[in-house]
Student: 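Below is one structure. I have some questions about it.
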Amino acid sequence: MLLRIRSRDGLERVQVGGPHVSISQLKALIESQLQIPIHNQTLSTDRNLLLAKTPADLLRFTDMSDPSRPLSSLNLSHGSVVFLYYQSERTVRGGAPVCPAGSFGRKMTMDDLIAKQTRITRQESPHCDSVSFDRDSANAFQRYVNETLAFAVKRGGFMYGTVSEEGRVEVDFIYEPPQQGMEDDLILLRDPEEEKLVDAIAAGLGRKRVGFIFTQTIMQDKKDYNFSNKEVLQAAELHAESGLKEWVTVVVKLEANEDGDADVHFEAFQMSDMCVKLFKEGWFVTVFGEDDDPKLSKMKKEVVVGGKDVKEVDNDFFLVVVKIIDHQGPLSSTFPIENRNNLATMRTLKNHLDRTKSLPFVKRIADFHLLLFLAMSHGLGSDVPALAECVSTETAVPEGYQLLIESMANTS
């Protein structure tokens, strides 16, 4: 029986005798196969173990603390994932053999010398404390990719919100740009004019672009990775473009639960500082072959990982786990979302205003997607940021704007 062991070093495999094996026996196997001493191991089936920062945090994970407990009692079987936390140093297995250089082999170029100094290690702490999702916005995104797209093709969007002084990222809405989603790839057909309007509306709302969210398809669920090599590249590019150290990348996927049903999961990461640096400096191979392993990122030059010179790096080395929480933000997410198949019309606008007529007008238009619809469709682009400021400050909308919007809705 094979178990997958997920630690700060990525995903590794351990061969065990079967589900009757006890936890103490599993720890001994991990020590012999992965070179991690038993006394340094904390195991759990809870992925949040990897977020632990203090010894007190580790005490919360007790599901695998009984050394005599058999793996079968935890529903662990062939291919199951066990999460491992440890604090000691180790050399990760694998990697290409070290080639002789210098006076005992080939001459080293300046590029070789630089590569020898480029060591890739796991970044333990993110630059943001956590990411908090507005419940309605997150639900609108996951409901579409689950119920309409059925996780058959990829979908993505830019997250907008705020960053607190403590480094907490709050996401209040998601803008979905024009895109082409495929089974294992996502091409963003970015429109600079549309994004300029989006950023202006966001600024009026007191928000800015803080991250990227994307889905993985049900076919990708069969693969052993958190991010594929293509996803690492795209995430690194957008993180580098943002210039925001707290930038967050979120993946949404279906995962089987204990009952055999599928649940939608959100997982948040930051791309490591080293990942962004290597992307900016052009180290990543950006062309993929059919035989390339998607869980490995290929480098143009050798780097040092776990004491080995390699040109392929486990994608998990570039990911820093971020805690996810939620909140109820001030904006609604009921107006049809841009660049989907269900295009909004004037009739849509009228129905929205009729449905919310009991509210003050500023509350009736407190929806980013509605504001973008007004800006994109009817020449109100330069005026909508002012409307957004009214929404942000909860001040009355000038009567002229209200009459104009209601008049537009009544033309349906």
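All values reported here derive from a predicted model rather than from experimental measurement. Heavy-atom basis, side chains included; hydrogens, waters and symmetry copies ignored.
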Student: Of the options E176, E241, E237, which is the one that meets R190 in a salt bridge (Lys or Arg N to Asp or Glu O under 4.0 Å)?
Tutor: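 Among the candidates, only E241 passes.
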Student: According to the interplanar angle, ranging from 0 to 90°, do the rings of F279 and F284 count as parallel (below 30°), tilted (30 to 60°) or perpendicular (above 60°)?
Tutor: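 Aromatic pair F279/F284 classed tilted.
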Student: Please tell me if the side chains of I120 and V310 come closer than 4.5 Å, counting only heavy atoms from C-beta onward.
Tutor: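 Answer no - side chains too far apart.
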Student: Do the side-chain N and O atoms of T348 and T345 include a donor-acceptor pair separated by under 3.5 angstrom?
Tutor: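 There is such a pair (donor and acceptor under 3.5 Å, judged by atom type) between the side chains of T348 and T345.
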Student: Using only atom types and a distance under 3.5 Å, with no angle test, would you say the side chain of S32 pairs donor to acceptor with the backbone of L29?
Tutor: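 Checked: pair present.
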Student: Is the F214-F158 ring centre distance short of 6.0 angstrom?
Tutor: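 When the ring centroids of F214 and F158 are compared, they turn out to be at least 6.0 Å apart.
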Student: Going by heavy atoms in the side chains, are Y160 and D199 under 4.5 Å from each other?
Tutor: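 The answer is yes, as the side chains (C-beta and beyond) meet within the 4.5 Å cut-off.
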Student: Indicate yes or no for a side-chain donor-acceptor contact from Q41 to the backbone of H39 under 3.5 Å, with no hydrogens or angles considered.
Tutor: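 Pair absent, no side-chain N/O of Q41 close to backbone of H39.
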Student: I'd like to know if the side chain of S44 pairs up with that of D46 as donor and acceptor (distance under 3.5 Å, no hydrogens or angles considered).
Tutor: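 Checked: S44/D46 side chains show no N/O donor-acceptor pair below 3.5 Å.
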Student: Give, for atom CG of L43 and atom CE of M64, the distance between the pair rounded to the nearest 0.5 Å.
Tutor: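 The distance works out to 5.0 Å.
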Student: With a 4.5 Å limit on heavy-atom distance, are the side chains of E406 and F361 in contact?
Tutor: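 In contact.
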Student: If you round to the nearest 0.5 Å, how far is SG of C275 from CG of L233?
Tutor: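 Separation between the atoms: 8.0 Å.
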Student: Do you know the tightest heavy-atom contact between P177 and G157?
Tutor: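 Here P177 and G157 meet closest at CD-CA, 4.0 Å.
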Student: Do R155's NZ or CZ and the ring of F141 fall within the cation-pi criteria of under 6.0 Å and 45°?
Tutor: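 That pair does not qualify as a cation-pi contact.
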Student: Please assess D367 against F173 for the test side chain to side chain contact (heavy atoms under 4.5 Å, CB included), listing each intermediate value before the final yes or no.
Tutor: CA-CA 9 Å; D367 187 311; F173 61 87; over 6 Å; no
Student: Look only at the side chain of Q270 and the backbone of K245, and say whether a donor-acceptor pair between them is shorter than 3.5 Å.
Tutor: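 Yes.
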Student: For the side chain of N146 and the backbone of R143, is there at least one donor-acceptor N/O pair under 3.5 Å apart?
Tutor: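 Absent.
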Student: Can any side-chain N or O of T217 pair as donor or acceptor with the backbone N or O of E183 at less than 3.5 Å?
Tutor: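 Between the backbone of E183 and the side chain of T217 there is a qualifying donor-acceptor contact (under 3.5 Å).
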Student: Would you check, one step at a time, whether the test salt bridge (Lys or Arg N to Asp or Glu O under 4.0 Å) holds for K277 with E281?
Tutor: CA-CA 6 Å; K277 177 178 182 291; E281 295 177 356; 3.2 Å; yes
Student: Could you give the distance from CD1 (I36) to CD1 (I38), rounded to the nearest 0.5 Å?
Tutor: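 Between atom CD1 of I36 and atom CD1 of I38 there are 11.5 Å.
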Student: Within a radius of less than 6.0 Å around CG of N341, do more than 12 heavy atoms belonging to other residues, nucleotides or ligands occur?
Tutor: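 No.
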Student: I'd like to know whether V163 forms a side chain to side chain contact (heavy atoms under 4.5 Å, CB included) with V210, so could you lay out the CA-CA distance, the side-chain angles of the two residues, the decisive distance to 0.1 Å, and finally the verdict.
Tutor: CA-CA 8 Å; V163 181; V210 295; 4.0 Å; yes
Student: Is any side-chain heavy atom of E267 closer than 4.5 Å to a side-chain heavy atom of N226?
Tutor: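 SC-SC contact between E267 and N226 confirmed.
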Student: Establish, from distance only, whether the side-chain atoms of N339 and E194 form a donor-acceptor pair under 3.5 Å.
Tutor: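 A donor-acceptor contact under 3.5 Å links the two side chains.
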Student: I'd like to know whether E195 forms a salt bridge (Lys or Arg N to Asp or Glu O under 4.0 Å) with R209, so could you lay out the CA-CA distance, the side-chain angles of the two residues, the decisive distance to 0.1 Å, and finally the verdict.
Tutor: CA-CA 10 Å; E195 290 192 25; R209 193 177 299 189; 3.2 Å; yes
Student: Just by modelled atom types, is the L74 backbone N or O under 3.5 Å from a matching donor or acceptor in the D63 side chain?
Tutor: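 No; judged by distance alone, with no hydrogens or angles, the pair does not exist.
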Student: For Y175 versus P178, what's the shortest heavy-atom pair and its separation?
Tutor: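 Taking every non-hydrogen atom into account, OH-CD, 3.9 Å.
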Student: With a 4.5 Å cut-off on side-chain heavy atoms, are E338 and H369 touching?
Tutor: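 Yes - at least one pair of side-chain heavy atoms lies under 4.5 Å apart.
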Student: CD of Q234 to CG of L186: how many Å apart, nearest 0.5 Å?
Tutor: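 Answer for the CD-CG pair, Q234 versus L186, is 5.0 Å.
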Student: Is a donor from one side chain sitting under 3.5 angstrom from an acceptor on the other, for D273 and H127?
Tutor: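 Yes, H127 and D273 have a side-chain donor paired with an acceptor closer than 3.5 Å.
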Student: Verify side chain to side chain donor-acceptor pair (under 3.5 Å) between Q25 and S22, making sure each step is shown before the conclusion.
Tutor: CA-CA 5 Å; Q25 291 172 317; S22 68; 3.3 Å; yes
Student: State the CZ-CG distance between F373 and L349, to the nearest 0.5 angstrom.
Tutor: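 Between F373 CZ and L349 CG, I get 5.5 Å after rounding to 0.5 Å.
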Student: In sequence, state the C-alpha distance, the side-chain angles, and the governing distance for Y401 and D383, and then conclude on side chain to side chain donor-acceptor pair (under 3.5 Å).
Tutor: CA-CA 9 Å; Y401 283 133; D383 298 302; 3.1 Å; yes
Student: Strictly distance-based, threshold 3.5 Å: is any side-chain N or O of N48 a donor or acceptor partner for the main-chain N or O of L51?
Tutor: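 Such a contact is absent between N48 side chain and L51 backbone.
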Student: Is the side chain of T62 donor-acceptor paired with the backbone N or O of S65 at a distance under 3.5 Å, no angle test?
Tutor: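 No, T62 side chain to S65 backbone: no donor-acceptor pair under 3.5 Å.
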Student: Using modelled atom types and a 3.5 Å cut-off, is there a donor and acceptor pairing between side-chain atoms of H78 and backbone atoms of L2?
Tutor: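 Looks like yes, one N/O pair under 3.5 Å.
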Student: Apply salt bridge (Lys or Arg N to Asp or Glu O under 4.0 Å) to residues E231 and K154 and explain how you reach the verdict.
Tutor: CA-CA 11 Å; E231 291 164 350; K154 295 169 70 71; 2.6 Å; yes
Student: Which atom names give the shortest non-hydrogen contact between P126 and V320, and what distance separates them?
Tutor: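 Heavy-atom minimum between the residues: N-CG1, 3.4 Å.
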Student: In Å and rounded to the nearest 0.5 Å, what is the OH to CD1 distance from Y86 to I30?
Tutor: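 Going from the OH atom of Y86 to the CD1 atom of I30 covers 11.5 Å.
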Student: Go through it in stages, so that I can follow the logic: the residues are S297 and N229, the test is side chain to side chain donor-acceptor pair (under 3.5 Å), and I'd like the CA-CA distance, side-chain angles, deciding distance and then a yes or no.
Tutor: CA-CA 5 Å; S297 291; N229 45 20; over 6 Å; no
Student: Counting the benzene-type ring for Trp, do F227 and F269 have ring centres under 6.0 Å apart?
Tutor: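 Yes, they do, as the ring centres are separated by less than 6.0 Å.
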Student: Can you tell me if D134 uses its side chain to pair, donor with acceptor, with the backbone of D326 under 3.5 Å?
Tutor: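 No: the side chain of D134 does not pair with the backbone of D326.
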Student: Please lay out, stage by stage, how M159 and F133 fare under the test side chain to side chain contact (heavy atoms under 4.5 Å, CB included).
Tutor: CA-CA 9 Å; M159 305 185 295; F133 273 96; 3.5 Å; yes
Student: Should we say atom CD of Q328 is surrounded by more than 12 heavy atoms from elsewhere, each under 6.0 Å from it?
Tutor: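 Counting neighbours around CD of Q328, more than 12 heavy atoms of other residues, nucleotides or ligands fall under 6.0 Å, so yes.
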Student: Would you call E170 and R207 a salt bridge, using N to O less than 4.0 angstrom?
Tutor: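 Looking at E170 and R207, the cut-off is not met.
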Student: Return the minimal non-hydrogen interatomic distance between L359 and R364, and the atom names on each side.
Tutor: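 Nearest heavy atoms, L359 then R364: O-CD, 3.3 Å.
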Student: Go through the steps for R47 and E255 under the test salt bridge (Lys or Arg N to Asp or Glu O under 4.0 Å), then give the verdict.
Tutor: CA-CA 13 Å; R47 69 180 65 243; E255 287 190 352; 3.0 Å; yes
Student: Closest heavy-atom contact between L372 and I201?
Tutor: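 Minimum heavy-atom separation between L372 and I201: CA-CD1, 3.7 Å.
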Student: Walk me through it: do D172 and H327 pass the test side chain to side chain donor-acceptor pair (under 3.5 Å)?
Tutor: CA-CA 9 Å; D172 288 314; H327 68 277; 2.9 Å; yes
Student: Take R168 and S132 through the test side chain to side chain contact (heavy atoms under 4.5 Å, CB included) and record every step on the way to the result.
Tutor: CA-CA 8 Å; R168 174 177 168 179; S132 180; 3.5 Å; yes
Student: Below 4.5 Å, heavy atoms only, C-beta onward: do V252 and H265 meet side chain to side chain?
Tutor: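 They are not in contact (no side-chain heavy atoms under 4.5 Å apart), so the answer is no.
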Student: Is any side-chain heavy atom of L197 closer than 4.5 Å to one of M376?
Tutor: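 A side-chain contact exists here, since the closest heavy-atom pair is under 4.5 Å.
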Student: Looking at every heavy atom in both A388 and L205, which two are closest together, and how far apart are they?
Tutor: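 Closest approach of A388 to L205: O-CD2, 3.5 Å.
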